[in-house]
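What follows is a single structure, written as structure tokens, with notes after it.
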Number of protein chains: 2
Amino acid sequence: MIDLTDVSKVYRTDTIETLALNKINLSVRNGEFLSVMGPSGSGKSTLLNVIGLLDKPSEGQIELDGEEVSEKSEREIAKIRNEKIGFVFQSFHLINDLSVLDNVEIPLLYRELSASKRKEMALAALENVGLSARTKHFPSQLSGGQKQRVAIARAIVGKPNLILADEPTGNLDSAMGNEIMKILHDLNQNEKTTIVMVTHDENIAKQTERTIRFFDGSKIND
Amino acid sequence: MIDLTDVSKVYRTDTIETLALNKINLSVRNGEFLSVMGPSGSGKSTLLNVIGLLDKPSEGQIELDGEEVSEKSEREIAKIRNEKIGFVFQSFHLINDLSVLDNVEIPLLYRELSASKRKEMALAALENVGLSARTKHFPSQLSGGQKQRVAIARAIVGKPNLILADEPTGNLDSAMGNEIMKILHDLNQNEKTTIVMVTHDENIAKQTERTIRFFDGSKIND
Ligand SMILES: Nc1ncnc2c1ncn2[C@@H]1O[C@H](COP(=O)(O)OP(=O)(O)OP(=O)(O)O)[C@@H](O)[C@H]1O
Ligand SMILES: Nc1ncnc2c1ncn2[C@@H]1O[C@H](COP(=O)(O)OP(=O)(O)OP(=O)(O)O)[C@@H](O)[C@H]1O
Ligand SMILES: [Mg+2]
Ligand SMILES: [Mg+2]
């Protein structure tokens with residue numbers, strides 16, 4: 001469902017040029033649960049940004065469902081992103097001016113749903129991550145792990161085809177991390193959701209079908 | 001050096017009242033290396049904020065070096081914070097408009113040091129965390145783990161008496177996490193720095209002298 005062919009990404013600042021991705025070849029089939037590991041700065045978040053169409057590669061091709069992404073308009077790309085992909089960002093990217101409930105509703109705004117249906121789905125997602133008692137809080141009123149779980153609720157609320165999760169359990173204790181993994185496994189098994197997850201935790205990675213490893217921008221095993 | 005007596009902290013929003021800390025009694029002696037564990041939302045960051053004088057308890061007393069904190073002026077409190085305490089925040093709190101080097105210099109601005117001395121010390125701290133090649137980058141140009149390491153460099157640059165580290169290895173791979181623990185152990189052993197560190201990682205906690213555990217705002221073992 002996702003095919004990367006010789007994808008490279010270079011970041012240039014005034015002083016330094018960084019090859020964050022170096023000729024990545026990767027295929028992820030529909031319904032796969034893939035984990036990505038590697039040292040700090042090795043390109044993992046960059047990979048997720050590129051797969052998630054949040055950033056363009058410097059070189060190479062990306063195909064989603066057999067269609068070359070570079071042939072799509074910005075509007076089509078935004079539509080794919082909003083309807084088919086759920087993101088759990090490393091920094092959560094919650095909107096500080098919105099309550100927890102409103103943050104989780106955001107992916108649903110791009111669908112033709114009633115306000116009451118959106119609220120129902122957002123409440124169900126928040127219950128799934130154990131945050132029913134915090135729906136009216138604002139992000140500044142939450143602990144680090146609670147923010148992470150709001151981000152997870154937002155990623156799963158619309159049952160996307162693909163979830164890109166950047167260290168979704170990094171700020172969570174073991175018990176809560178296991179709860180989150182159960183949620184992801186249920187989506188993968190029951191909804192056939194494709195999941196690409198970055199993690200630093202070997203025990204978490206072992207629970208996925210396949211693990212790829214990055215080092216200095218290159219994929220180093222398959 | 002740190003004595004908490006019956007410290008409680010209540011957060012009130014429009015809808016809910018949360019007892020984040022419930023009558024905490026805790027003594028941390030000079031030069032101790034203490035870890036704090038517990039589930040998400042159990043009060044760990046709140047504890048660090050209160051110890052670090054970034055927030056006031058709702059009830060109870062805090063003594064630093066035998067002096068009651070509530071008898072100090074805001075100016076004295078800010079002085080203690082700036083000169084004696086280094087923070088590694090869970091969200092890093094880097095200043096986006098400043099380069100990596102300038103971010104790390106911040107704690108030194110409150111001391112009477114020349115610009116060249118500040119720069120020397122900041123460069124040394126950044127070398128210590130493996131970021132010498134990123135000094136002119138801005139936080140938006142860094143990976144998650146790189147931002148965390150900048151936060152650690154900023155916490156250690158002024159060799160504070162006390163370091164409060166909120167999950168300092170949460171975004172780091174094992175190898176880098178071990179590097180950071182070596183840095184903290186060196187400061188604790190060689191500089192007698194007191195360290196209070198929140199972590200979700202049992203292996204990391206075992207490397208400290210003592211671990212306290214929180215659950216629902218209460219300390220549950222000693
Ligand atoms: N500013 C605030 N306003 C309201 N409630 C808050 C505020 N800050 C924290 N809380 C609540 O207080 C409780 C303790 O929060 P705290 O950040 O100390 O937890 P934590 O143990 O650090 O959790 P984590 O492991 O998720 O970081 C949580 O339930 C949280 O929602
Ligand atoms: N916007 C940017 N501008 C310049 N360099 C960048 C930018 N974003 C990332 N980089 C650099 O590209 C490299 C890869 O970054 P990336 O965020 O993909 O790493 P990562 O594997 O996710 O690391 P971590 O485990 O620390 O989150 C890093 O060296 C980083 O400094
Ligand atoms: Mg990353
Ligand atoms: Mg916390």
Side-chain angles (χ1 to χ4, degrees), chain A residues 11-18 20 37-46 49 89-92 94 99-100 129-149 166-167 169-177 179-180 198-203 213-215, chain B residues 11-18 20 37-46 49 89-92 94 99-100 129-149 166-167 169-177 179-180 198-203 213-215:
Chain A
Y11 292 107
R12 291 181 177 87
T13 68
D14 293 341
T15 51
I16 197 167
E17 184 170 281
T18 303
M37 297 189 80
S40 176
S42 58
K44 304 178 301 291
S45 294
T46 301
N49 285 340
F89 295 100
Q90 201 169 7
S91 312
F92 320 139
L94 300 183
S99 70
V100 161
V129 298
L131 282 176
S132 298
R134 298 247 168 309
T135 59
K136 293 182 194 294
H137 276 62
F138 287 82
S140 64
Q141 298 169 320
L142 300 178
S143 79
Q146 286 165 342
K147 284 190 250 190
Q148 192 161 46
R149 287 186 275 155
D166 204 338
E167 300 190 44
T169 61
N171 282 292
L172 302 177
D173 53 284
S174 291
M176 186 53 64
E179 288 286 322
I180 297 304
V198 171
T199 182
H200 283 302
D201 188 325
E202 292 275 355
N203 291 324
R213 293 177 194 273
F214 272 66
F215 187 80
Chain B
Y11 292 108
R12 291 183 177 83
T13 69
D14 292 342
T15 52
I16 198 168
E17 183 170 283
T18 304
M37 298 190 79
S40 176
S42 59
K44 302 176 301 292
S45 294
T46 302
N49 285 343
F89 295 100
Q90 202 169 6
S91 311
F92 322 138
L94 301 182
S99 70
V100 161
V129 299
L131 283 175
S132 297
R134 296 245 165 324
T135 61
K136 294 184 192 298
H137 276 63
F138 287 83
S140 63
Q141 298 170 319
L142 301 178
S143 79
Q146 287 166 342
K147 284 191 249 191
Q148 194 163 43
R149 289 186 273 153
D166 204 339
E167 301 189 45
T169 61
N171 281 294
L172 303 177
D173 54 284
S174 288
M176 185 54 62
E179 289 285 324
I180 296 307
V198 172
T199 182
H200 284 301
D201 188 326
E202 293 276 358
N203 292 324
R213 293 179 193 271
F214 272 67
F215 187 80

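Order of the sequence lines fixes the chain letters, A, B, ..., with proteins taken first and strands second; residue numbering starts at 1 for each chain. Basis for what follows: all heavy atoms, side chains included, without hydrogens, waters or symmetry-related copies. Everything quoted here is computed from the prediction, not taken from an experiment.
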Exercise. Given that the side chain runs from C-beta out, which part of Lys147(A) has a heavy atom under 4.5 Å from chain B: side chain, backbone, both or neither?
Worked result: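 The answer is the side chain of Lys147(A).
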Exercise. When you look at Thr13(B) and Lys136(A), which way does the side chain to side chain contact (heavy atoms under 4.5 Å, CB included) test go after all the steps?
Worked result: CA-CA 9 Å; Thr13(B) 69; Lys136(A) 293 182 194 294; over 6 Å; no
Problem set entry | Which residues share a side chain to side chain contact (heavy atoms under 4.5 Å, CB included) with Gln90(A), sequence neighbours left out |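 Checked Gln90(A) against side chain to side chain contact (heavy atoms under 4.5 Å, CB included); matches are Ser45(A), Asp166(A), Glu167(A), Asn171(B).
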Problem set entry | Backbone of Ser40(B) reached by a side-chain donor or acceptor of Asp173(A) within 3.5 Å |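 Looks like yes, one N/O pair under 3.5 Å.
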Picking from [options], which has the most non-hydrogen pairs under 4.5 angstrom with chain A?
| options | result |
| --- | --- |
| Pro39(B), Ser42(B), Ser174(B), Gly170(B) | Pro39(B) |
| Asp201(B), Thr18(B), Leu142(B) | Thr18(B) |
| Gly177(B), Ala20(B), Ser143(B) | Ser143(B) |

Problem set entry | Top contributor to chain B contacts, counting heavy-atom pairs under 4.5 Å, from Lys44(A), Arg149(A), Gln148(A) |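 Between Lys44(A), Arg149(A), Gln148(A), the count favours Arg149(A).
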Problem set entry | NE2 on His137(A) to OG1 on Thr15(B), rounded to 0.5 Å |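 It is 6.0 Å, given to the nearest 0.5 Å.
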Exercise. Can you name the residues that form a ring-ring contact (aromatic ring centres under 6.0 Å, His included) with Phe138(A), not counting sequence neighbours?
Worked result: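 For Phe138(A) there are no ring-ring contact (aromatic ring centres under 6.0 Å, His included) partners, ignoring immediate neighbours.
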